[in-house]
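In what follows, a structure is listed as structure tokens, so that the remarks can point back to it.
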Amino acid sequence: MVVGSGQRGRRIVLEEPQIPFEPRVIHEDRRIIVVDKPHFLATTPRGMWYAETVLIKIRRLYGEPDIIPAHRLDRATAGVLVLVRDPAARRAYQMLFQEHRVRKVYQCLAPVRPIVRPQTGTVRHLDPPRVFPLERRSRVIKHRGILQAWEERGPVNAITRVDLTAGQGSLAGYTLYPRTGKTHQLRVHMNALGLPIVGDDLYPRIQTQAYDDFSRPLQLVARRLEFTDPFTGVKRIFTSAVPLDPQEEA
């Protein structure tokens, strides 16, 4: 529970629930640390979470208070997360993500059903007459303090390629290739197609879930990140080992 702020604007956290999952380090060098983030663990401190976040855990593990994330993953989303340990390298790695020079591959579980034609934006089938792969383009808006993002008419700012990769009864595995990085983009796009991701407590409707209920994680994983290292020129490929669980069907 956050009750106030201390000197120099630092937050005072008197009570904080423990998250029974830890980030797993999958790569480290003198500039970056790459972790496999579990579900339910926030990237950075926010709201009731401080010590139980990837950033604070990794700072304490290495004893390096200058570590910062190069990008973010939602608390509900698991997968590959890059942190920068060298302050002089921060901008270079953050710009890789801001300028969309990182190839991101996500995997999720969602229903097997015909897609719905969204009310706004476009859906382009990339290998007709097959439904998949397809490209979803829309305008996604998310305001701080409001739980859900939404789509509205206007200039496109969110683009996702969606491919159907494996069926599992009433569920299917989908591979998602975001070309942009709007907050909740993948969750919003899948929901707009009539394919809400299994375990999603925000889309299509908000579902109240206790902070210590870890029984139904969002079945969305940032499976792979690929980029050319801005300092060494070496192609980096990092892969998450977090599994998707078909037993999480509602």
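Fair warning: this is a prediction, and the values are worked out from it, not measured in the lab.
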When rounded to the nearest 0.5 angstrom, what is the spacing between [atom1] in [X] and [atom2] in [Y]?
{"X": "Asp86", "Y": "Asp29", "atom1": "CG", "atom2": "CG", "answer": "9.5 Å"}
{"X": "Leu83", "Y": "Ile32", "atom1": "CG", "atom2": "CD1", "answer": "9.5 Å"}
{"X": "Ile141", "Y": "Gln148", "atom1": "CD1", "atom2": "CD", "answer": "14.5 Å"}
{"X": "Ile67", "Y": "Ile58", "atom1": "CD1", "atom2": "CD1", "answer": "7.0 Å"}
{"X": "Arg75", "Y": "Lys37", "atom1": "CZ", "atom2": "NZ", "answer": "8.5 Å"}
{"X": "Arg137", "Y": "Asn157", "atom1": "CZ", "atom2": "CG", "answer": "10.5 Å"}

Excluding sequence neighbours, so at least two apart, what forms ring-ring contact (aromatic ring centres under 6.0 Å, His included) with [X]?
{"X": "Phe132", "answer": "Tyr174"}
{"X": "His39", "answer": "none"}
{"X": "His125", "answer": "none"}

Before accepting this row, confirm whether a basic side-chain N of the pair Glu151/Lys182 lies closer than 4.0 Å to the acidic partner's carboxylate O. no
Who pairs with [X] by side chain to side chain donor-acceptor pair (under 3.5 Å), at least two apart in sequence or on another chain?
{"X": "Glu99", "answer": "Arg101"}
{"X": "Lys57", "answer": "Glu22"}
{"X": "Arg31", "answer": "none"}
{"X": "Arg24", "answer": "Asp36"}

Are the side chain of [X] and the backbone N or O of [Y] linked by a donor-acceptor pair below 3.5 Å?
{"X": "Tyr203", "Y": "Ala192", "answer": "no"}
{"X": "Glu16", "Y": "Glu52", "answer": "yes"}
{"X": "Asp74", "Y": "Thr77", "answer": "no"}
{"X": "Thr43", "Y": "Leu73", "answer": "yes"}
{"X": "Gln219", "Y": "Asp245", "answer": "yes"}
{"X": "Gln94", "Y": "Gln98", "answer": "no"}
{"X": "Lys104", "Y": "Leu176", "answer": "no"}

Co-membership, hydrophobic cluster, residues [X] and [Y], 4.5 Å side-chain:
{"X": "Trp49", "Y": "Leu55", "value": "yes"}
{"X": "Ile115", "Y": "Val188", "value": "no"}
{"X": "Met48", "Y": "Leu147", "value": "no"}
{"X": "Leu225", "Y": "Met95", "value": "no"}
{"X": "Ile56", "Y": "Ile68", "value": "no"}

Return each pair, listed once, that meets salt bridge (Lys or Arg N to Asp or Glu O under 4.0 Å) where at least one residue sits in residues 113-126; pairs must be two or more places apart or across chains. Arg124-Glu135
Smallest heavy-atom separation, Pro118 atom then Val123 atom, equals CD-CG2, 3.6 Å
Taking every non-hydrogen atom, the tightest pair across Ala110 and Pro196: CB-O, 3.7 Å
Test log, rule side chain to side chain contact (heavy atoms under 4.5 Å, CB included), inputs Leu134 and Leu193: CA-CA 11 Å; Leu134 61 80; Leu193 294 169; 4.0 Å; yes
Apply side chain to side chain contact (heavy atoms under 4.5 Å, CB included) to the pair Phe227 and Leu96, showing each step before the final yes or no. CA-CA 8 Å; Phe227 59 86; Leu96 287 177; 3.6 Å; yes
Are side-chain heavy atoms of [X] and [Y] found at a separation under 4.5 Å?
{"X": "Ile159", "Y": "Pro178", "answer": "no"}
{"X": "Val54", "Y": "Leu81", "answer": "yes"}
{"X": "Leu244", "Y": "Val221", "answer": "yes"}
{"X": "Val242", "Y": "Pro38", "answer": "no"}
{"X": "Ser170", "Y": "Val112", "answer": "no"}
{"X": "Ser240", "Y": "Arg224", "answer": "no"}
{"X": "Pro69", "Y": "Thr44", "answer": "yes"}
{"X": "His27", "Y": "Phe238", "answer": "yes"}

Those residues that, when tested against Arg139, pass salt bridge (Lys or Arg N to Asp or Glu O under 4.0 Å) (two or more places apart): Glu152
Under the criterion side chain to side chain contact (heavy atoms under 4.5 Å, CB included), I'd like the reasoning laid out for Ile197 against Leu218: C-alpha separation, chi angles, the key distance, then a yes or no. CA-CA 7 Å; Ile197 298 172; Leu218 177 70; 3.7 Å; yes
For residues 87-114, the ring pair (Phe, Tyr, Trp, His ring centres under 6.0 Å) pairs (sequence neighbours left out) are His71-Phe97, Tyr93-Phe231
Only pairs at least two apart or in different chains count here, so list each side-chain hydrogen bond (donor to acceptor under 3.5 Å, both in side chains) that has a residue in residues 61-70. Glu28-Tyr62, Glu64-Arg85
Among residues two or more places apart or on two chains, list those pairs meeting side-chain hydrogen bond (donor to acceptor under 3.5 Å, both in side chains) that have a residue in residues 186-197. Ser138-His189, Thr160-His189, Arg187-Asp200
Verdict with reasoning, Arg236 to Glu226, per salt bridge (Lys or Arg N to Asp or Glu O under 4.0 Å): CA-CA 5 Å; Arg236 304 280 202 177; Glu226 302 178 15; over 6 Å; no
Start with the C-alpha gap between Phe214 and Ile19, add the side-chain angles, then the distance that decides, and say whether side chain to side chain contact (heavy atoms under 4.5 Å, CB included) holds. CA-CA 9 Å; Phe214 309 114; Ile19 305 297; 3.9 Å; yes
Quick one: do His143 and Trp150 satisfy ring-ring contact (aromatic ring centres under 6.0 Å, His included)? Show the steps, please. CA-CA 9 Å; His143 291 322; Trp150 66 92; 5.2 Å; yes
Ring-face cation contact, Tyr177 with Arg161, 6.0 Å cut, 45° max: yes
Are Asp163 and Thr165 close enough that a side-chain donor and a side-chain acceptor fall under 3.5 Å? no
